[in-house]
Amino acid sequence: MKIKVINPNTTWAMTAKIEECARAAVGPGTFVEAVSPAMGPASIESHYDEALSVPGILAEIAGGEMDGVDGYVIACFGDPGLDAARELATGPVVAIAEAAMHYASFLGRGFSIVTTLGRTRGRAADLVDSYGMQRSCLGIHSCEIPVLDLDHNPGARKIILESCFDALERDDSDVIVLGCAGMADLCRELSEKLGVPVVDGVTAAVTMVESLLTLGLSTSTRNEFAPPIPKSYKGIMTSCAL
Ligand code: 5HY
């Protein structure tokens, strides 16, 4: 099976890290390719960035459909474009926040989310509500490290570890959810130091897609997620016509 992992931001160094983590998580019969769209923000840290990332995500889904991709991951903690992607894709589409929250809910009474900038906590809270995770999510915290500084700030790992310790104490939670695809490589180290399960959405989502495909399951097209209704699109979106 072939799974396409879409990093919605256009920073290929982050995409390479995401691909390495995703490939390490899947079985021998699963091929994973990670991509960044040709257009979009260098990182996603606001509603504006998120909105502008969606056309690129959908273009990658459309390309995957032509290339025979079996399933998709949207590798950004805001889960941008997820519903539209599910209308477009034949195979299952799983985004990292939804996947991480579900995995974390299996592992303890409650989990804490630790994300990057405080301004993205509202979006995470909206996702908690839309995914029905209000009972399991005990708090949403930020380490105040910009997404692209995660790899450049020498103190990032220590700051994230401290933020996780603080979150567990303040929320009295049992599990940590990492709120950024760029944190995917920190899972094991943080879990060893914290003594609790630490869930990263990239590995959670790609293994979820792998499981759905193994069971022969995909998005229902009966109603809401039926293919989009054909119509014309003007301006730079002329090519979006289906
Ligand atoms: C992400 N932004 O996972 C989110 C993290 C965030 O470019 N990739 C990004 O802070 O929402």
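Hydrogens, waters and symmetry mates play no part in the numbers below; they use all other heavy atoms, side chains included.
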Open item on the list: Contact between Met101 and Phe111 at the side-chain level, heavy atoms closer than 4.5 Å - yes or no?
Closed with: yes

Open item on the list: By the side-chain hydrogen bond (donor to acceptor under 3.5 Å, both in side chains) test, which pairs, at least two apart or in different chains, include something from residues 112-135?
Closed with: Glu50-Arg123, Asp79-Tyr131, Ser112-Asp171, Ser112-Ser173

Task: Least distance between heavy atoms, His141 atom then Ala167 atom - done: CD2-CB, 3.4 Å

Open item on the list: If you count heavy atoms of other groups shown closer than 6.0 angstrom to OH of Tyr48, is the number above 12?
Closed with: no

Task: Short side-chain to backbone donor-acceptor contact, Thr11 and Ala42, under 3.5 Å - done: yes

Task: Side-chain heavy atoms of Leu82 within contact of Glu98, under 4.5 Å - done: yes

TODO: Please check if Tyr72 and Phe77 belong to a single hydrophobic cluster, counting links between Ile, Leu, Val, Met, Phe, Trp and Tyr side chain heavy atoms closer than 4.5 Å.
DONE: yes

Open item on the list: Within a 6.0 Å radius of atom CG on Asp83, are there more than 12 heavy atoms belonging to other residues, nucleotides or ligands?
Closed with: yes

For residues 205-212, tabulate all N or O donor-acceptor pairs below 3.5 Å that involve a side-chain atom, not counting sequence neighbours.
from	atom 1	to	atom 2	distance (Å)
Thr207	OG1	Tyr103	OH	2.8
Thr207	OG1	Thr203	O	2.7
Thr207	OG1	Ala204	O	3.0
Glu210	OE2	Gly27	N	2.8
Glu210	OE2	Thr30	OG1	2.6
Ser211	OG	Thr207	O	2.9

Task: For Ile159, the rest of its hydrophobic cluster, which grows through side-chain links under 4.5 angstrom - done: Val114, Ile145, Leu150, Ile160, Leu161, Phe165, Leu168, Ile176, Leu178, Met183, Leu186, Leu190, Leu194, Val196, Val198

Task: Any residue meeting salt bridge (Lys or Arg N to Asp or Glu O under 4.0 Å) with Asp185, in chain and number order, not counting sequence neighbours - done: Lys17, Arg157

Open item on the list: Same cluster or not: Ile6 versus Met66, using hydrophobic residues (I, L, V, M, F, W, Y) connected whenever any side-chain heavy atoms lie under 4.5 Å apart?
Closed with: no

Task: Joint hydrophobic cluster, Val94 plus Ile18, side-chain heavy atoms closer than 4.5 Å - done: yes

- [ ] Answer yes or no: is there a side-chain heavy-atom contact under 4.5 Å between Leu213 and Pro92?
- [x] yes

Open item on the list: Run the salt bridge (Lys or Arg N to Asp or Glu O under 4.0 Å) test against Glu87 and tell me which residues pass, sequence neighbours left out.
Closed with: none

Task: Heavy-atom side-chain contact between Met1 and Thr214 under 4.5 Å - done: yes

Open item on the list: Are the side chains of Val73 and Ile96 in contact, using a 4.5 Å heavy-atom criterion?
Closed with: yes

TODO: Tell me, please, which residues at least two apart from Lys193 pass salt bridge (Lys or Arg N to Asp or Glu O under 4.0 Å).
DONE: Glu189

Task: Rounded distance [0.5 Å steps], CD in Glu60 versus NZ in Lys4 - done: 4.0 Å

Task: Minimal non-hydrogen separation, Gly201 against Ala100, with atom names - done: CA-CB, 3.7 Å

Open item on the list: Can you tell me if Leu215 has over 12 outside heavy atoms packed within less than 6.0 Å of its CG?
Closed with: yes

Open item on the list: Does any part of the side chain of Leu88, heavy atoms only, come nearer than 4.5 Å to the side chain of Glu65, both counted from C-beta?
Closed with: no

Open item on the list: On a heavy-atom basis, which atom in Ala226 and which in Thr221 lie closest, and how many Å separate them?
Closed with: CB-O, 3.4 Å

Open item on the list: According to side-chain hydrogen bond (donor to acceptor under 3.5 Å, both in side chains), who are the partners of Arg109, at least two apart in sequence or on a separate chain?
Closed with: none

Task: Contact summary for Cys137 and Ile113, nearest pair of heavy atoms - done: SG-CD1, 4.0 Å

TODO: Verify whether one side chain among Ser36 and Thr15 offers a donor that lies under 3.5 Å from an acceptor in the other.
DONE: yes

Open item on the list: Could you report the tightest heavy-atom contact between Ser53 and Pro80, atom names first, then the distance?
Closed with: OG-CB, 3.6 Å

TODO: Could you walk me through whether Arg23 and Glu19 pass salt bridge (charged side-chain N to carboxylate O under 4.0 Å, His left out), step by step?
DONE: CA-CA 6 Å; Arg23 283 181 171 174; Glu19 182 173 80; 3.5 Å; yes

Open item on the list: If the condition is side-chain hydrogen bond (donor to acceptor under 3.5 Å, both in side chains), which residues does Asp149 pass it with, not counting sequence neighbours?
Closed with: none

Open item on the list: Among residues at least two apart in sequence or on other chains, which ones pass side-chain contact (heavy atoms from CB on, under 4.5 Å) with Glu144?
Closed with: Leu117, Ser142

Task: Path from Leu217 to Val69 over hydrophobic side-chain contacts below 4.5 Å - done: yes

Open item on the list: Do Ile74 and Val93 make a side-chain contact, defined as non-hydrogen atoms from C-beta onward lying under 4.5 Å apart?
Closed with: yes

Would you be so kind as to tabulate the donor-acceptor pairs closer than 3.5 Å made by side chains of residues 231-242, with sequence neighbours excluded?
from	atom 1	to	atom 2	distance (Å)
Thr238	OG1	Gly235	O	2.6

Task: Joint hydrophobic cluster, Met39 plus Val35, side-chain heavy atoms closer than 4.5 Å - done: no

Open item on the list: Side chains of Asp70 and Ile3, heavy atoms from C-beta outward: is any pair under 4.5 Å?
Closed with: no

Task: By side-chain hydrogen bond (donor to acceptor under 3.5 Å, both in side chains) - contacts of Ser136 (at least two apart) - done: none

Open item on the list: For a quick test of reading the model, state the closest non-hydrogen atom pair linking Leu138 to Gly110 and the distance between them.
Closed with: CD1-CA, 3.6 Å

Task: Lys/Arg N to Asp/Glu carboxylate O, Glu162 vs Lys158, below 4.0 Å - done: yes

Open item on the list: With rounding to the nearest 0.5 angstrom, report the OG to CG distance, Ser43 to Asn9.
Closed with: 6.5 Å

Task: Partners passing side-chain hydrogen bond (donor to acceptor under 3.5 Å, both in side chains) against Ser46 (at least two apart in sequence or in another chain) - done: Asp49

